[in-house]
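Both ligands and their constituent atoms are indexed starting at 1 by order of listing.
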Amino acid sequence: MCGIVGYVGNKKCIPILINGLLKLEYRGYDSAGIATISNNYINIIKCKGRVCNLQNQAEINNLTSTTGIAHTRWATHGIPSKENAHPHMDNLGNFAVVHNGIIENYLELKNFLIDNGYFFYSETDTEVIPNLIHYFYTNDLIDDKMKLLRAVKNTCAKLKGSYALEIISKFNPNTVIAIRKSSPLIIGTNKSEKFIASDIPAILQYTNDFYFLADNEFAVITKNKLDFYDKNLVKQHKNTEKVDINCCSINKSGYKDYMLKEVYEQSTSIQNTFYKFMVDNNISFPYINIDIGSINMIYIVACGTAMHAGLCGKFALESLCNIPTIVDISSEFRYRNPLLNKNSLCIFISQSGETADTIAALELAKSKGATTLAITNVFNSSITRKADYSLYTYSGPEIAVASTKAYTSQITLLVGISIYFSELLANTNTHFLKDEILTLPNKIKQTLQTSSKIKKLAKKLYNKDNIFFLGRGIDYITSMEASLKLKEISYIHSEAFAAGELKHGPIALIDNESYIICTITDSTLIYKVISNIEEVTARGAKTIIITSEELQTSDSEFIIKVPKTNKLLSPILSIIPHQLLAYYIAKEKGLDVDKPRNLAKSVTVE
Ligand code: M6R
């Protein structure tokens with residue numbers, strides 16, 4: 001994963017690099033480092049932990065260079081440590097490299113280099129890259145201005161895996177070379193400055209003009225010039241693209257954490273999402289030209305929270321369109337030879353649009369002739385550039401690692417597209433559902449008012465070792481998402497059970513120490529779930545119930561009511577108390593909610 005930034009221009013690069021790294025910490029925060037170049041000398045400062053540790057290094061303020069590269073790491077090869085932090089250099093200090101991705105054949109390359117007299121200081125896969133560049137550079141007898149680029153090209157030809165790289169060299173002091181393969185990298189430009197980053201928000205405050213590097217494309221970047229080359233070093237012409245996102249929205253707006261802000265933004269984020277496809281109760285997706293009548297199987301493929309949104313989407317697609325829908329985890333789908341053909345529609349959901357397994361799953365679906373539709377929150381992200389069709393959730397940037405507003409927007413969009421397809425198929429009357437969508441922003445605001453009650457509940461639960469979640473039907477999906485939210489930010493072990501499955505094993509876990517949070521919004525299943533609650537209560541468990549305001553449930557220590565809505569939309573409301581509960585439990589434990597341990601927002605390695 002990891003985030004990378006670079007700068008070539010006429011300003012001191014350090015503040016720009018640090019600022020970019022702070023915006024990219026969502027990609028990993030195990031260590032951070034910077035390499036700058038001045039007087040033909042590469043200066044590296046790095047440290048374990050967060051970017052703020054780098055800012056606190058006294059020497060950093062002495063660096064006046066106007067060319068530099070920087071990195072924030074999510075550890076893959078080697079523990080989080082200063083030694084394993086990027087940038088990495090070759091043995092002689094001629095080349096410095098930052099890398100996002102994984103070099104799968106690094107052991108083979110390392111052995112080759114060791115046999116040729118090189119030695120290694122870190123446990124990373126990345127350290128082979130600067131040494132290979134050195135190897136190819138010194139073995140190239142032609143001394144022309146392409147020499148460094150040739151060395152980088154020859155190096156990349158040896159690498160297997162994924163990489164976005166920035167390279168500086170003391171032989172070309174005012175230049176950064178950038179290259180990517182299956183990891184994102186963009187270049188922002190204005191007259192006399194160039195900015196490189198893993199994503200747009202990291203550098204959006206400096207420019208709106210961007211180049212999107214394609215796979216295996218090289219960029220040679222100086223302050224006044226930008227040259228692009230294909231993998232054979234043939235010069236390429238590229239156009240800039242304008243990106244107008246409001247970067248001012250990327251702050252906490254007075255909230256203590258991004259996650260809390262994002263939970264509270266949900267009434268606006270789902271409204272922004274449905275306003276794009278629904279005008280005056282008419283739903284249209286003008287750019288989606290899918291012959292839905294010819295589709296006999298829909299696959300929804302995604303990871304984590306996005307996959308849970310897909311499970312909610314399955315309910316909508318199957319009930320409104322009568323098309324069998326399979327939901328799959330990207331990392332499973334890509335390796336299981338799914339049965340796809342031209343009559344299959346594959347929907348790929350990804351907030352970031354950069355999740356490596358989801359990208360690979362999409363490539364597989366395309367290669368088998370399926371129609372592909374991407375749902376993402378990030379314009380121009382890798383997934384949108386590869387899919388046949390793309391739809392966006394207009395949630396605004398989601399910074400907290402725990403996904404909240406993206407999830408509810410994804411469900412909104414999936415219900416929207418299901419209604420649209422069903423109208424094309426002339427299947428059902430969908431007016432009632434469209435009317436209901438319009439009521440959601442207000443109902444979300446009402447649901448958020450449960451917050452003070454949930455804070456109290458968090459004080460009761462924060463020191464528990466296990467918390468279970470229970471639900472049936474669409475409420476089981478909410479339980480799965482609730483369990484993921486809780487474990488990822490509070491580190492409490494939790495599991496979600498389909499209530500009907502309890503007796504088939506999980507009930508053995510229940511004793512008088514158990515806490516079970518039940519979601520019940522589906523009126524057709526309420527009596528079934530109440531029976532399951534009785535069964536766990538009889539075994540000593542304490543229950544908390546999150547339910548719809550019109551339903552009468554059994555007694556419980558805590559009952560939290562959410563407004564009534566249509567079943568297909570109910571996960572949008574019922575997840576909110578769970579999001580708040582996970583948040584307040586993590587706060588009670590004094591944890592960093594936005595940056596939980598071992599995680600990163602964007603999983604760009606498989
Ligand atoms: O960017 P994506 O939607 O593809 O990310 C997928 C998952 O990594 C993500 O939803 C993850 O599970 C979240 N941390 C959950 O809160």
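- Here the protein heavy atom with the shortest distance to atom 1 (O) of ligand 1 is S352 OG, 2.6 Å.
- Here the side chains of F348 and T372 are in contact, with some heavy-atom distance below 4.5 Å.
- From the protein, the heavy atom lying nearest to atom 3 (O) of ligand 1 is Q351 N, 2.6 Å.
- Checking each of E398, E488, Q351 against S403 for a side-chain hydrogen bond (donor to acceptor under 3.5 Å, both in side chains) leaves exactly one that passes, namely E398.
- Contact annotation: the side chain of T412 approaches that of I572 to within less than 4.5 Å [non-hydrogen atoms, C-beta and beyond].
- Near E488, the atoms of ligand 1 lying under 4.0 angstrom from a non-hydrogen atom of the residue are 13 (C), 14 (N), 15 (C), 16 (O).
- The aromatic rings of Y420 and F285 sit perpendicular to each other, their planes meeting at more than 60°, with 30° as the lower class boundary.
- Residue A306 approaches ligand 1 through these ligand atoms, each under 4.0 Å from one of its heavy atoms: 3 (O), 10 (O).
- Judged by distance alone, the side chains of E588 and N463 never bring a donor and an acceptor atom under 3.5 Å apart.
- Salt bridge present: D592 and R50 bring a charged side-chain N and a carboxylate O closer than 4.0 Å.
- Contact atoms of ligand 1 toward K485: 15 (C), 16 (O) (distance under 4.0 Å to a heavy atom of the residue).
- Using a 4.0 Å cut-off between heavy atoms, K601 makes no contact with ligand 1 at all.
- Checked against a 3.5 angstrom limit, the closest N/O atoms of Q410 and ligand 1 fall outside it.
- Considering only non-hydrogen protein atoms, atom 11 (C) of ligand 1 sits nearest to T305 N, 4.2 Å.
- If you number the atoms of ligand 1 from 1 as listed, the ones under 4.0 Å from a heavy atom of S403 come out as 15 (C), 16 (O).
- With a heavy-atom cut-off of 4.0 Å, M307 does not touch ligand 1 at all.
- Note that SG of C312 and NZ of K567 are 11.5 Å apart. Values are rounded to the nearest 0.5 Å.
- Using a 4.0 Å heavy-atom cutoff, V401 is listed among the residues neighbouring ligand 1.
- Heavy atoms of E354 stay at 4.0 angstrom or farther from ligand 1.
- Taking atom 5 (O) of ligand 1 as the reference point, the nearest protein heavy-atom neighbour is T355 OG1, 3.6 Å.
- Note on ring orientation: taking the six-membered ring where Trp is involved, the planes of Y392 and Y394 are perpendicular (angle over 60°, cut-offs 30° and 60°).
- Nearest protein heavy-atom contact of atom 7 (C) of ligand 1 is C303 O, 3.7 Å.
- Side-chain contact annotation: T408 with Q266, donor-acceptor N/O pair under 3.5 Å present.
- In this structure, atom 8 (O) of ligand 1 lies nearest to the protein heavy atom V603 CG2, 4.0 Å.
- Shown in contact with A402 at under 4.0 Å from a heavy atom are these atoms of ligand 1, numbered in order with element: 16 (O).
- With S330 as reference, T358 is the one residue of T358, D357, T355 to meet the side-chain hydrogen bond (donor to acceptor under 3.5 Å, both in side chains) rule.
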